[in-house]
Amino acid sequence: MAWRSWLDNVAPGTFPAELGKGLKGVGGRLLGVIGLEKENCCPSWAELRSLRIYWVSGPVIPSFARSHDRAGGEETETQGRPDFETEWSRPAYLRGFMNLGLEPSSWARPRNRSGETKRLDTNDSLTTPSYKCVEAALFFFKHHTVERTMALSCTANLKTVLTQSITPKPHSADPSRLPFNKKLQNVEDPLGKIRDFLKKDENKLPVSSYDTAWVAMVPSQNGSKQPLFPECLDWIMENQQPDGSWALDPAHPLLIKDCLSSTLACLLALHKWNVGDQLVNKGLDFMASNIWAATDKHQLSPLGFDIIFPGMIEHARDTALNLPFNNSLIEGMLQKRDLEIKRHNIYTCDFLFPFNSTFTYVLMLSSFCCSFQGELNNLAKYAEGLTQLNDWQKLMKYQRSNGSLFNSPSSTAAALIHLHDEKCLAYLHSLVKKFHKGVPTTYPLDIYSRLYMIDNLAKLGIDRHVTEEIAATLDDIYRSWTQGSEEIFLDPECCALVFRLLRMNGYVVSSDALVNFDKQEDTLSSSSNNIKSALELYKASQITIFQSEPVLERIYAWTSTYLGEELASTGGIQDKSLHDEVDYAINHPLSYLERIESRRYIENYNMDDIELLKTSYRFFNIDKSDLLTLSLQDFNQCQAMYRKELEYLERWVKEYNFEKLEFARQKIAYAYFAVAAVLPHPDLSDARIAWAKNSVLTTVVDDFFDFGGSMEEIQNFMELIRRWDDHSTVGFKSKDVKILFYAVYGTTNELAEKAIKQQGRCIRNHLIDLWITLLDTMLKEVEWARENSVPTMYEYMTNGYVSFALGPVVLIPLYFMGSKLSEEVVQSQEYNNLFLHISMIGRLINDRQTVKRESEQGKLNSVSLYVIHGRGAITEKEAQEEVARIVESHRRELLRMVQQTEGSVVPKNCKELFWKMSKVLHLFYMCGDGYSSPHKMVSAVNAIINDPIPLPPYSKLKLKRYFYLN
């Protein structure tokens with residue numbers, strides 16, 4: 001059977017009978033199949049070159065041949081096939097093996113009959129150690145022996161069949177009444193690792209061969225020609241890789257530039273002390289074989305590589321270290337280096353370089369070498385390691401309290417080479433002792449690493465599992481903030497991230513702390529990663545809580561412009577994951593819905609756990625595959641619950657005969673999507689149900705008042721609501737009125753009864769009052785429209801914020817948020833002001849988007865009223881701008897109240913629901929009326945409720961953890 005037809009006949013969750021025998025003990029359920037649209041069962045060598053092998057299960061990889069059987073005879077070498085020892089880094093299919101740690105040297109190479117290894121022939125098999133990475137995810141080649149399985153991610157002609165055993169049964173009961181297994185299934189406890197990571201004041205960093213080499217080059221202070229740190233020299237001699245390089249991950253196909261930079265630094269150190277000749281020769285061989293990567297634009301570049309690497313080459317020439325490089329290649333890199341230096345205006349500062357100097361051997365500082373004192377500071381970050389600085393002492397003005405220059409061991413070592421400084425010496429001594437003969441690429445990194453983890457957990461949607469640890473960590477970081485920690489305030493990315501997380505979690509932090517970053521030129525000149533720093537500052541600039549925060553306003557102005565330009569420019573943001581994050585942030589301001597952001601972040605998650613500064617590093621404490629595993633399982637498990645809840649709501653709609661109301665918009669999917677996207681926690685099922693039901697009810701009632709009912713029917717409906725339990729004495733003027741009343745009556749009584757268990761008191765009268773107040777304001781707008789009356793702006797605003805109908809939608813779910821709401825809280829000024837601000841936001845942004853449609857319907861809103869009352873002095877554009885200004889004012893005040901802790905009586909989780917509703921409103925009315933549109937939000941609804949996240953093509957992912965197996 002051909003691959004295509006075979007795949008099309010594979011039912012999700014089942015196996016073809018012919019494969020049954022080979023599937024025993026492998027997991028019991030087929031989770032995915034990837035196939036080639038070819039008639040043949042095995043790919044040719046050319047086809048294999050377009051594949052990436054990511055996981056291998058079992059001891060044998062299938063034959064590379066189209067025909068597995070051979071006529072016999074001695075196997076011979078096939079010309080033109082790549083040799084695994086010399087070309088392993090180039091074919092894409094081999095990179096997956098690298099990611100698994102299966103280096104070419106560890107593979108059992110094919111041998112001929114004499115026992116000699118040979119090049120891989122078309123019909124050879126390749127054996128590997130048994131690697132049980134994907135027992136739960138089987139991607140089958142339809143071949144003679146199905147136990148030989150390969151997991152492939154195909155760059156083209158790919159079909160993935162994903163199944164889950166979590167499909168809800170039809171006609172299930174109210175999902176809020178069903179037990180939910182809050183413990184994620186089959187997870188080995190990556191949460192324990194996360195908790196440990198957050199609790200530690202210091203997280204383990206690897207030794208950097210690049211920085212260790214620079215420390216090894218520091219001479220003894222007593223004048224002898226010996227290294228001051230011989231243990232660092234020993235580390236270099238003991239840690240050369242088999243291929244001759246010094247690098248954290250020599251098998252990484254995109255970090256060859258990093259290998260070149262680190263290797264050359266180590267060669268300079270060995271050459272300086274005239275030791276390790278064999279190591280030097282082996283390193284030079286590596287350099288000669290891989291120098292092509294130095295100019296490869298597809299390679300990841302360490303910070304400042306285009307300046308650092310040519311400078312080191314020049315230094316090697318000056319010290320008689322013969323590098324086996326092509327002269328034209330070297331000259332090209334030197335010219336590019338000179339242009340880079342000129343771009344940074346290094347020649348304009350005579351304290352760094354004399355104008356006639358041609359020696360420009362410079363090193364870029366690490367991710368956290370920041371300073372903000374104008375152009376001089378911009379130059380200083382490139383001054384590390386220069387032997388021809390006019391005055392090294394001037395550079396020491398940037399020394400930090402821990403003795404380092406920019407928290408960079410290599411920069412600090414370079415300074416110590418040129419002058420004796422006790423604080424530099426103490427800093428390096430402490431690092432060498434702490435890291436056992438070597439040093440990391442930057443130190444300290446504790447605050448940023450823990451903040452990054454907290455932010456990462458929130459983006460992945462799994463931060464709720466470690467709330468206590470996050471709270472304790474933020475307390476620690478707030479203390480560092482109040483103490484003026486250099487690690488925070490000298491780095492724009494770190495400072496912006498601290499500010500955002502602290503302010504959003506209720507800590508009192510002033511935006512004035514960001515004043516050093518309110519100008520683009522100063523900030524970007526002091527940042528090691530311009531895009532990430534600008535993005536974090538952009539996000540921070542939106543956390544405005546006071547009517548006047550000019551620092552944040554200036555930051556928003558330049559970051560939004562800069563990031564927009566980078567998105568528009570070709571190759572501006574090369575990292576796809578970062579590009580997508582920036583794109584979403586710029587195009588969805590103020591409308592981050594937690595679950596949408598989590599899905600996007602999971603789908604674009606960078607599984608590579610290596611970070612890149614001047615050289616690569618990783619945290620040993622945590623594995624990114626654990627985070628992705630946990631987030632995938634959490635998302636899909638919660639999504640299964642959402643589907644059950646939506647099915648229940650759809651039955652509720654049918655039960656109350658909403659489909660018989662021909663005038664009514666049917667918005668149950670949109671209504672439920674909105675709340676599921678911002679209240680994802682399994683425990684909040686009752687709150688989600690209450691939000692969705694009341695969203696549907698208020699939408700239908702609004703349509704009834706607008707054009708579905710006559711004045712007589714409207715008044716009849718209002719009288720029924722006022723009578724409530726005595727409604728039988730009133731009677732129904734129409735079937736529509738009867739349907740509407742019983743829907744509101746039955747649903748409100750049900751929710752009131754359910755709330756008694758959480759609140760310990762009856763809240764039914766409050767819920768009825770919400771409906772009566774809402775209907776009164778809706779009636780007022782009907783009277784204005786039918787009488788052609790023009791209200792004043794004050795009359796419109798005081799009535800309109802209530803008629804927008806967020807009372808039942810927001811205030812009723814508050815009773816199901818897990819906190820007690822006493823009568824005193826409900827009657828408090830704080831509670832009512834929170835409702836006022838969110839309702840004004842909703843009413844006004846709705847008015848801005850619907851003014852044209854409502855004018856055609858004969859209805860007035862805030863925009864049209866501004867024009868009317870302006871008597872020709874105000875244009876519609878000016879009215880739109882004024883309404884936008886009022887929206888922003890209410891948004892800031894709402895966020896201030898949500899984050900306020902002192903004197904607050906409304907529980908924080910209840911206040912946060914108002915802010916979440918603000919984000920929902922901004923999403924729905926970001927461009928037109930997304931709530932009324934039948935199409936605009938469909939993809940978002942499917943992403944949160946219907947479509948599971950597809951299997952990602954990542955190596956090392958513990959697949960069996962995040963799917964539900966029989």
Side-chain angles (χ1 to χ4, degrees), residues 541-542 544 547-548 550 553 556-557 560-561 564 586-591 665 667 670 674 698-699 702-703 705-707 777-806 836-895 917-937:
S541 71
Q542 298 180 59
T544 48
Q547 296 307 316
S548 178
E553 291 165 8
Y556 176 82
S560 57
T561 301
I586 291 296
N587 292 303
H588 295 78
L590 310 176
S591 59
R665 290 170 288 173
K667 292 295 178 181
Y670 281 17
T698 54
T699 299
D702 182 57
D703 292 343
F705 272 67
D706 278 349
F707 45 80
T777 59
M778 286 183 168
L779 178 62
K780 176 63 70 177
E781 291 185 352
V782 171
E783 292 172 347
W784 287 340
R786 297 192 180 190
E787 296 171 3
N788 293 320
S789 175
V790 179
T792 65
M793 282 299 300
Y794 176 79
E795 290 173 333
Y796 176 81
M797 292 291 197
T798 53
N799 188 83
Y801 86 88
V802 179
S803 68
F804 189 65
L806 290 185
L836 167 66
H837 292 306
I838 187 57
S839 295
M840 287 295 287
I841 292 170
R843 166 52 67 197
L844 294 178
I845 62 175
N846 172 274
D847 285 356
R848 293 190 68 208
Q849 298 297 339
T850 62
V851 60
K852 181 178 180 180
R853 186 189 70 200
E854 291 185 337
S855 295
E856 293 172 351
Q857 295 173 351
K859 296 178 65 176
L860 298 172
N861 69 24
S862 58
V863 177
S864 57
L865 283 173
Y866 265 115
V867 175
I868 292 172
H869 290 301
R871 300 183 183 278
I874 299 177
T875 65
E876 182 174 324
K877 180 181 179 181
E878 292 171 331
Q880 287 275 14
E881 292 173 351
E882 177 61 19
V883 171
R885 185 194 63 77
I886 298 173
V887 169
E888 176 62 16
S889 176
H890 283 286
R891 187 195 68 81
R892 293 188 184 195
E893 183 61 18
L894 175 63
L895 183 55
M917 171 56 85
S918 172
K919 295 192 288 186
V920 169
L921 293 171
H922 277 91
L923 178 68
F924 275 133
Y925 299 107
M926 180 175 58
C927 183
D929 186 354
Y931 185 74
S932 297
S933 170
H935 307 296
K936 282 188 177 181
M937 305 304 298

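Here the side chain of T875 pairs a donor or acceptor atom with the backbone of E878 at under 3.5 angstrom. Checking side-chain atoms of S839 against main-chain N and O of L836 turns up no donor-acceptor pair under 3.5 Å. A donor-acceptor contact shorter than 3.5 Å links the side chain of H869 to the backbone of P791. Looking only at distances, a side-chain donor or acceptor of D703 sits under 3.5 Å from a matching main-chain atom of R665. At distances below 3.5 Å, at least one donor-acceptor pair connects side-chain atoms of S560 with backbone N or O atoms of Y556. A distance-only check finds a donor-acceptor pair linking the side chain of Q547 to the backbone of S889 [under 3.5 Å].
The pair R885-E888 does not count as a salt bridge, with every side-chain nitrogen at least 4.0 angstrom from each carboxylate oxygen. Under a 4.0 Å N-O distance rule, the pair E553/R892 qualifies as a salt bridge.
For the pair M926/L590, no side-chain contact is recorded, criterion being any heavy-atom separation below 4.5 Å from C-beta on. The closest side-chain heavy-atom distance from Q542 to P589 is below 4.5 Å. Residues W784 and N799 meet the side-chain proximity criterion, which asks for heavy atoms closer than 4.5 Å. Residues N861 and Y796 are in side-chain contact: their nearest non-hydrogen atoms beyond the backbone lie under 4.5 Å apart. Using a 4.5 Å heavy-atom cutoff, the side chains of N846 and E854 are in contact. A heavy-atom distance below 4.5 Å is not found between the side chains of L895 and T544.
A pairwise comparison of heavy atoms in I874 and V867 identifies O-CG1, 3.9 Å as the closest pair. The shortest non-hydrogen separation linking G800 to S803 is O-OG, 3.1 Å. In terms of heavy atoms, T798 sits closest to E795 at OG1-O, 3.2 Å. Residues M778 and T698 share a closest heavy-atom pair of CE-O, 4.3 Å.
Interatomic distance, T777 OG1 to Y801 OH, rounded to the nearest 0.5 Å: 9.5 Å. How far CG of L923 is from CD1 of I845: 10.0 Å, rounded to the nearest 0.5 Å. Once rounded to the nearest 0.5 Å, the distance linking CG of L921 with CD1 of I841 reads 7.5 Å. The structure places CG of L806 at 12.0 Å from CE of M840, a figure rounded to the nearest 0.5 Å. Note that the CE atom of M793 and the CD1 atom of I886 stand 6.0 Å from one another [nearest 0.5 Å]. Between the OG1 atom in T850 and the OH atom in Y925 there is a gap of 7.5 Å [rounded to 0.5 Å].
Within a 6.0 Å radius of CZ in R786, other residues, nucleotides and ligands contribute more than 12 heavy atoms. Dense packing is recorded around OH of Y866, with more than 12 heavy atoms of other residues, nucleotides or ligands lying under 6.0 Å away. The environment of CZ in F707 is crowded: more than 12 heavy-atom neighbours from other residues, nucleotides or ligands sit within 6.0 Å.
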Pair K919-H922, side chain to side chain contact (heavy atoms under 4.5 Å, CB included): steps then yes or no: CA-CA 5 Å; K919 295 192 288 186; H922 277 91; 5.8 Å; no
Is there a side chain to side chain contact (heavy atoms under 4.5 Å, CB included) between D702 and E781 once you walk through the steps? CA-CA 11 Å; D702 182 57; E781 291 185 352; 5.8 Å; no
